[in-house]
2 protein chains.
Amino acid sequence: MTAPVPALATRPGGRSARVRAAVHRAVAELVAETPADGLTVPAVAARAGVHPTTVYRRWRTVGELLADVATSRFSGEVVVPDTGSLRGDLRRWAADVATDLADPDVLALMRATLGAGGQQGACACRGDRENQLAAMIERERARGGPVPTVERAADALLGPLYYRAVFLDAPGDADWARGLVELLLPGPG
Amino acid sequence: MTAPVPALATRPGGRSARVRAAVHRAVAELVAETPADGLTVPAVAARAGVHPTTVYRRWRTVGELLADVATSRFSGEVVVPDTGSLRGDLRRWAADVATDLADPDVLALMRATLGAGGQQGACACRGDRENQLAAMIERERARGGPVPTVERAADALLGPLYYRAVFLDAPGDADWARGLVELLLPGPG
DNA sequence: CGAGTATCGCACTGATCACTGCGTCAGCTA
DNA sequence: TAGCTGACGCAGTGATCAGTGCGATACTCG
């Protein structure tokens with residue numbers, strides 16, 4: 001958790017960044033294509049047009065590589081909206097998350113990361129979703145409105161969203177995701 | 001989906017069943033021990049005291065093997081309670097599921113199955129949890145009580161339960177699981 | 001623009017894995 | 001108890017993978 005990508009800190013620009021991007025793209029493509037396993041370092045390197053040695057050096061194992069890719073993928077795709085009310089923020093945010101999770105490639109990446117990355121990979125798949133949730137709730141609290149706990153909001157929103165995406169074949173759509181918010185927040189819809 | 005274990009149908013007793021049990025136990029042990037990946041057919045065979053050829057024949061790939069083990073593991077561990085009321089049934093059932101998911105070995109098996117088994121593995125991890133939920137709800141409906149849809153119950157119960165188990169480090173305890181039921185069912189707690 | 005340093009590519013090795021005929025043995029049935 | 005069928009173990013092969021020095025290259029900083 002201290003330095004997932006030690007190389008990027010010392011030399012951020014130029015070829016290193018290019019190699020990193022190519023490897024990330026290769027991982028995403030291969031995970032989306034291959035059924036499930038079979039994701040090996042030589043395969044990733046060949047797809048990225050990079051020597052396998054490079055991948056072995058920068059990322060120790062396939063699990064760390066997947067966790068790194070997942071961290072990048074699940075951070076920044078969804079932004080925290082600001083509609084003026086907690087209900088509006090959560091509705092838009094939940095719909096965005098649901099849309100993001102509906103992508104089969106994202107799903108494949110998440111499953112592969114869970115399998116190979118262990119606990120670290122699982123946390124990478126959450127990205128900063130819980131932090132975004134906390135930010136929206138905190139903003140509402142600053143406005144003086146009644147707010148649920150972050151824990152409860154995560155149970156009511158992230159739980160169903162991720163459960164459907166990972167374990168069911170049919171990911172929820174945006175309307176269903178917005179409905180989750182109505183169940184979480186009492187009062188007039 | 002037609003015949004996950006073709007061998008068991010024709011010759012259920014004796015050595016075949018013994019081999020199957022040994023392989024299942026070996027998979028569970030190895031998944032619990034090894035960090036994440038590295039689960040190979042030779043390793044499983046060696047742990048089970050079985051020749052690798054046998055594993056290759058009965059289960060085509062590691063993914064199918066994991067899906068088979070997960071199906072066995074996640075079916076039958078939790079039974080449908082019958083307390084006389086939907087609330088009581090769900091409370092006990094949710095607590096049982098939470099307790100089951102708190103086992104790190106179960107968690108490791110689930111993550112590995114998700115990673116290697118793809119969609120089939122994901123369904124295997126649910127086991128017959130949704131069917132159990134549907135059974136409890138259907139029984140309450142026969143009693144004439146108000147019931148939520150199975151979909152909503154799954155979102156409110158299985159969603160948080162599985163989300164916490166897989167993506168968070170801290171699985172929910174039994175009290176928290178019972179609290180989920182109170183949020184699902186309106187009225188007096 | 002030049003020196004310094006980190007990163008990458010190349011060639012190589014040991015080890016492991018996935019997979020296939022063939023003979024043998026155990027379990028079902030009459 | 002005897003015959004038959006199917007599952008298992010054995011030996012072996014081609015292929016792939018993980019991991020390691022060494023030289024070359026590209027980026028950063030003074």
Side-chain angles (χ1 to χ4, degrees), chain A residues 2-27 30-31 33-69 112 115-118, chain B residues 2-27 30-31 33-69 112 115-118:
Chain A
T2 57
V5 188
L8 204 69
T10 58
R11 185 169 287 186
R15 191 164 68 166
S16 293
R18 210 158 47 236
V19 166
R20 178 183 148 94
V23 170
H24 274 219
R25 194 178 328 124
V27 168
L30 283 178
V31 162
E33 290 176 10
T34 62
D37 55 354
L39 186 75
T40 60
V41 170
V44 171
R47 175 64 66 100
V50 169
H51 206 270
T53 313
T54 302
V55 181
Y56 281 120
R57 289 203 205 283
R58 291 187 61 159
W59 299 274
R60 196 82 61 91
T61 65
V62 179
E64 291 186 28
L65 174 56
L66 274 170
D68 186 32
V69 174
Chain B
T2 57
V5 188
L8 205 67
T10 57
R11 185 169 288 186
R15 190 164 68 166
S16 292
R18 210 158 47 235
V19 166
R20 177 183 148 94
V23 170
H24 275 221
R25 193 178 329 123
V27 168
L30 283 178
V31 163
E33 290 175 10
T34 62
D37 54 354
L39 186 75
T40 60
V41 170
V44 171
R47 174 65 65 100
V50 169
H51 206 270
T53 313
T54 303
V55 180
Y56 280 120
R57 289 203 205 282
R58 292 187 62 160
W59 300 274
R60 197 83 60 92
T61 64
V62 179
E64 292 186 28
L65 173 57
L66 274 170
D68 186 32
V69 174

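Across D:dC17, C:dT20, C:dA18, the shortest atom-to-atom separation from the side chain of B:T53 is found for C:dT20. The side chain of B:Y56 lies closest to C:dC19, out of C:dC19, C:dA11, D:dC27. With D:dC10, C:dC8, D:dG21 as the candidates, the nucleotide lying closest to the side chain of A:T54 is C:dC8. Closest to the A:R58 side chain, of the nucleotides D:dG21, C:dT7, D:dA18, is C:dT7. When distances are taken from the side chain of B:R57 to each of D:dA18, C:dG9, C:dG21, the shortest belongs to C:dG21. Listed nucleotides D:dA11, C:dG9, D:dC17 differ in distance to A:P42; the shortest reach to its side chain belongs to D:dC17.
Taking the nucleotide of DNA chain D with the nearest heavy atom to each of B:H51 and A:A43, the more 5' of the two is matched to B:H51.
When the side-chain nitrogen and oxygen atoms of A:R20 are compared with OP1 and OP2 of C:dT7, none of them lie within a distance under 4.0 Å. A close approach under 4.0 Å does occur between a side-chain nitrogen or oxygen of B:T40 and OP1 or OP2 of C:dC17.
In this structure, CZ on A:R20 lies 14.5 Å from OG1 on A:T54, to the nearest 0.5 angstrom.
Rounded to a whole Å, the CG atom of B:L39 is 13 Å from the C1' atom of C:dC17. Note: CH2 (B:W59) to P (C:dC19) measures 16 Å, nearest angstrom. Nucleotide D:dA26 holds its P atom 10 Å from the CZ atom of A:R18, rounded to whole Å.
A:R58 is not listed as a side-chain neighbour of A:L65, based on a closest heavy-atom distance of 4.5 Å or more. Residues A:T40 and A:V62 form no side-chain contact, since every pair of their non-hydrogen atoms from C-beta on lies 4.5 Å or further apart.
For the residue pair A:H51 and A:T53, the shortest heavy atom distance occurs at ND1-OG1, 2.9 Å.
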